[in-house]
Amino acid sequence: MKKKLAKILKDTLDLCYREGSLRQVPLPEFVVEVPNNPDHGHFATNLAMSLAGEQKSSPRNIAEIIIRHLVDPDHFILKAEIGGAGFINFFVAPGQWYDLLSHVINLKDDYGRSSIGKGKKTMVEFVSANPTGPLHLGHGRGAALGDTLCRILDFSGYDVKSEFYINDAGQQIKMLGESIYSRWRQFSDPSYPFPSDGYQGDYIQELAVEIAKERKLENLAIHEAAELLSELGKDKILKEIKEDLANFRVTFDLWYKESDLYSSGKIDHAIKLIEKEGMLFEKDGALWIRTSRFGDDKDRVVRKKDGEFTYFASDVSYHLDKWKRGFKRVINIWGADHHGYITRVKAALETQGIPGDWLEILLIQLVKLWEGGAEVKMSKRSGKYVTLKELVDEVGVDAVRFVFLSKDHTSPLDFDIGLVKKKDSENPVYYVQYAHARVCSLFRKAATENIHVPEQPDSTLQRLVVDEEIALIRKMAEFPSLIEEIAGDLGPHRLTYYLTELAGSFHRYYNRHRIVSDDRTLTQARLFLSLGIRILIKNGLRLLGVSAPEVM
RNA sequence: GCGCCUGUAGCUCAGCUGGAUAGAGCAGCGGACUUCUAAUCCGCAGGUCGCAGGUUCGAAUCCUGCCAGGCGUACCA
């Protein structure tokens, strides 16, 4: 509806230019928005104010000219007024609202779907946890965000793929094997030393027990055993990670192994490409990329003097590979502690002429865990952190996803276990889900009274005249543009707020007005309205990966 | 030192990319279930938007400088 209004305004300006009542100037930026104050109409625009400078006339004057010339062949606008310093406030004709509600009901699950993505090939890479331990809450936050972005981008017409990058090469995997080996030896010899920076969690012992049952470790040399344990341990942990994610309603289209970059020679190839551009040099026995040419503080090592590639090397080659695979929009979700990495990766890509804005990196700020007023320190190595699985088992997928998604990812998330553990109430997700269940209950009630709502909305909609009813429909109208905006700015937390507001408006309406009553046509009209609410909540929750229960 | 993120009600956070009187949820106080689900609703109270300048018709939002907190600044991954 905002778009329709914007078009009317543009047509109106054209008319004014042709007529000479306004000086022809380039179209200024202006917005059509929903005012907070209902007295300010259903929609408002600042068009006249943003024209004022170029027109050398007062905003209110211009507003008056625009209102007088409004090009509105469909009688979309009921009335237009000047407000404040020069806002134009629009009141939309009631029939438009009924049309919109009908539209929602007809489209059902597809209401809000769009094609603005134009099939653009897009990748969202997220979680990408090292297969050296179970997922923690930070991973969970990234998982919820990435998964929801995929759902929203897909809904908005992007050709989107989700990918998990598996760091299955390098030092940390070696350390995993050594850690398991030590724990295994300690079963028979408690004094056997444990690596100082080994993985501390209980899961290491569990893996040792499990693998010892499957394989004979006794006959192997230390390094052979450790290598075997690396391999098997990594696979088992990865399997567990996949299960935890699936349980969290997160699935991936693609799993990409770091080790494949080595075995396929892609790292060597990437380095050759960079060398070809003259951006590679040798110093102190190591190989460096001239990332400082592209905004980095200093140059970075890709191959150490011991001949091993750095993690940075595989990351560069990984991203060059993403480019080669033809992705036009690439979104990475990283932990905030990786932010120092952004410039150097982008710099390395720029040596190949890949523009910096091709890669969108979202940094997830920390999830801080509180229990009983004290902070619970999390550390991947300590093994003391609460895992995603533990939290999900305790609170449920719906609550965890909703809470994770309800904050902008740029701000740290304080997660009070005690509070969220409570399964009964106090959790915003229940507020939204309850509205959905309530609507379902209304339909059950109506059925017992032998009231059946036709498939297609009809003229009874005209019985919807109360302010709250129009406000609800107006709220529904915002959904498609909200989804479009989120597909652009990647801030899905706004959807959780939207749903909370929508549910709130409905709860308020429900408490104030009787829906199923003796008045048949009114009942039918209100059930249509409720159906619209149900569709919106279900669609919104689906995009968040949260269920919409019919009974609570 | 340098870089990134953050600072809005007692607490946790929104604030639609510069708009009209800054909003929710918790927590506090007071109300509403013989009536469609009270996991709900209504009311009260709570703010120098970290501080100081600047940009303009207009700033929580943009620019600069401070202050405070978090994270990062490896030939680690």
Stepwise side-chain hydrogen bond (donor to acceptor under 3.5 Å, both in side chains) check, His42(A) with Asn89(A): CA-CA 7 Å; His42(A) 299 133; Asn89(A) 299 328; over 6 Å; no

Sugar-phosphate only, base, or nothing, as touched by Ala336(A) at under 4.0 Å among non-hydrogen atoms: sugar-phosphate

Proximity to the side chain of Arg508(A) - top-ranked nucleotide from rU37(B), rC13(B), rC42(B): rC42(B)

Syn-anti status, with the boundary at 90° from 0, for the nucleotide rC33(B): syn

Charged N-O contact under 4.0 Å between Glu360(A) and Arg329(A): yes

Nucleotide forming a Watson-Crick or wobble pair with rA9(B), both distances under 3.5 Å: none

Closest to the Lys407(A) side chain, choosing from rA14(B), rC5(B), rU37(B): rA14(B)

Complementary nucleotide of rG3(B), counting Watson-Crick and G-U pairs under 3.5 Å: rC71(B)

His339(A) aromatic ring stacked with six-membered ring of rG72(B), 5.5 Å and 30°: no

Steps toward salt bridge (Lys or Arg N to Asp or Glu O under 4.0 Å) verdict (Glu163(A), Lys322(A)): CA-CA 10 Å; Glu163(A) 180 157 297; Lys322(A) 280 186 188 174; 5.5 Å; no

Tyr497(A) side chain, from C-beta outward: closest of rC36(B), rC13(B), rA77(B): rC13(B)

Atom-pair distance (CD1 on Ile364(A); C1' on rG72(B)), nearest Å: 17 Å

Euclidean distance, atom CZ of residue Arg514(A) to atom P of rA32(B) [Å, nearest integer]: 20 Å

Pairwise C1' distance for rC67(B) and rG23(B), with rounding to whole Å: 27 Å

Whichever of Ser406(A) and Asn36(A) has its nearest RNA chain B nucleotide further upstream toward 5': Ser406(A)

Atom pair distance, as rounded to whole Å: OH in Tyr165(A) and C1' in rA77(B): 10 Å

Test side-chain contact (heavy atoms from CB on, under 4.5 Å) applied to Leu442(A) and Leu527(A), Ile533(A), Leu531(A), the passing residue: Leu527(A)

Touch class at under 4.0 angstrom, heavy-atom based, for Ala435(A) against every strand present: nothing

Identified pairing partner of rU37(B), criterion: Watson-Crick or G-U wobble below 3.5 Å: none

Separation of atom CG in Asp408(A) from atom P in rU8(B), rounded to whole Å: 14 Å

Separation between the C1' atoms of rA22(B) and rG15(B), rounded to whole Å: 8 Å

Complementary nucleotide of rC51(B), counting Watson-Crick and G-U pairs under 3.5 Å: rG65(B)

Stretch residues 60-67 of chain A: residues that reach within less than 4.0 Å of RNA chain B through a heavy atom: none

Aromatic contact, His139(A) with Phe126(A) (centres under 6.0 Å): no

Touch class at under 4.0 angstrom, heavy-atom based, for Arg303(A) against every strand present: nothing

Trp288(A) and Phe281(A) aromatic ring geometry - parallel, tilted or perpendicular at 30°/60° bounds: parallel

P-based separation of rA68(B) from rU21(B) [nearest Å]: 35 Å

Ala44(A) or Asp306(A), whichever maps to the more 5' nucleotide of RNA chain B: Ala44(A)

Ser411(A), nearest nucleotide to its side chain (from rC36(B), rA38(B), rA14(B)): rA14(B)

Nearest-neighbour nucleotide for the Leu363(A) side chain, rU6(B), rC4(B), rC36(B) considered: rC4(B)

Is_stacked (Tyr431(A), rG25(B)) at 5.5 Å, 30 deg: no

His507(A), nearest nucleotide to its side chain (from rC41(B), rU21(B), rA77(B)): rC41(B)

Complement of rU21(B), any strand, by Watson-Crick or G-U distances under 3.5 angstrom: none

Euclidean distance, atom CD of residue Gln433(A) to atom C1' of rA39(B) [Å, nearest integer]: 10 Å

Touch class at under 4.0 angstrom, heavy-atom based, for His409(A) against every strand present: nothing

Parallel, tilted or perpendicular: ring planes of His338(A) versus Tyr341(A), cut at 30 and 60 degrees: perpendicular

Ser128(A) and Glu125(A): side chain donor to acceptor below 3.5 Å: yes

Sugar-phosphate, base or nothing in reach of Glu550(A), heavy atoms under 4.0 Å: base

Contact under 4.0 Å: Lys298(A) side-chain N or O vs rC2(B) OP1/OP2: no

Of the listed nucleotides rA14(B), rC36(B), rA39(B), the one nearest the side chain of Val516(A): rC36(B)

Given rA74(B), rC71(B), rC36(B), the nucleotide with the shortest approach to the side chain of Asp337(A): rC71(B)

Selection from rU37(B), rC42(B), rG15(B) that lies nearest to any side-chain heavy atom of Ala437(A): rU37(B)

Interatomic distance at C1', rG54(B) relative to rG18(B), whole Å: 15 Å

Sugar-phosphate, base or nothing in reach of Val31(A), heavy atoms under 4.0 Å: nothing

Distance test, side-chain N/O of Tyr430(A) to OP1/OP2 of rA39(B), below 4.0 Å: no

Value in whole Å for how far the P atom of rC2(B) lies from CZ of Arg344(A): 19 Å

Glycosidic conformation of rU8(B), taking syn as within 90° of 0 and anti otherwise: anti

Stepwise ring-ring contact (aromatic ring centres under 6.0 Å, His included) test for Tyr256(A) and Tyr318(A): CA-CA 9 Å; Tyr256(A) 199 102; Tyr318(A) 173 50; 4.9 Å; yes

Sugar-phosphate, base or nothing in reach of Lys305(A), heavy atoms under 4.0 Å: base

Stacked cation flag Arg438(A) on Tyr510(A), 6.0 angstrom / 45 deg: yes

Nucleotide rC13(B), atom P - distance to CG of Leu413(A) in whole Å: 7 Å

Whole-Å distance separating the OH atom of Tyr509(A) from the P atom of rA38(B): 16 Å

Any donor-acceptor pair under 3.5 Å from Asp489(A) side chain to Gly491(A) backbone: yes

Per Thr410(A) side chain, nearest of listed nucleotides rC36(B), rA77(B), rU6(B): rU6(B)

Sugar-phosphate, base or nothing in reach of Tyr510(A), heavy atoms under 4.0 Å: base

Sugar-phosphate only, base, or nothing, as touched by Asn89(A) at under 4.0 Å among non-hydrogen atoms: base

Same-atom distance (P) from rG50(B) to rU8(B), integer angstrom: 6 Å

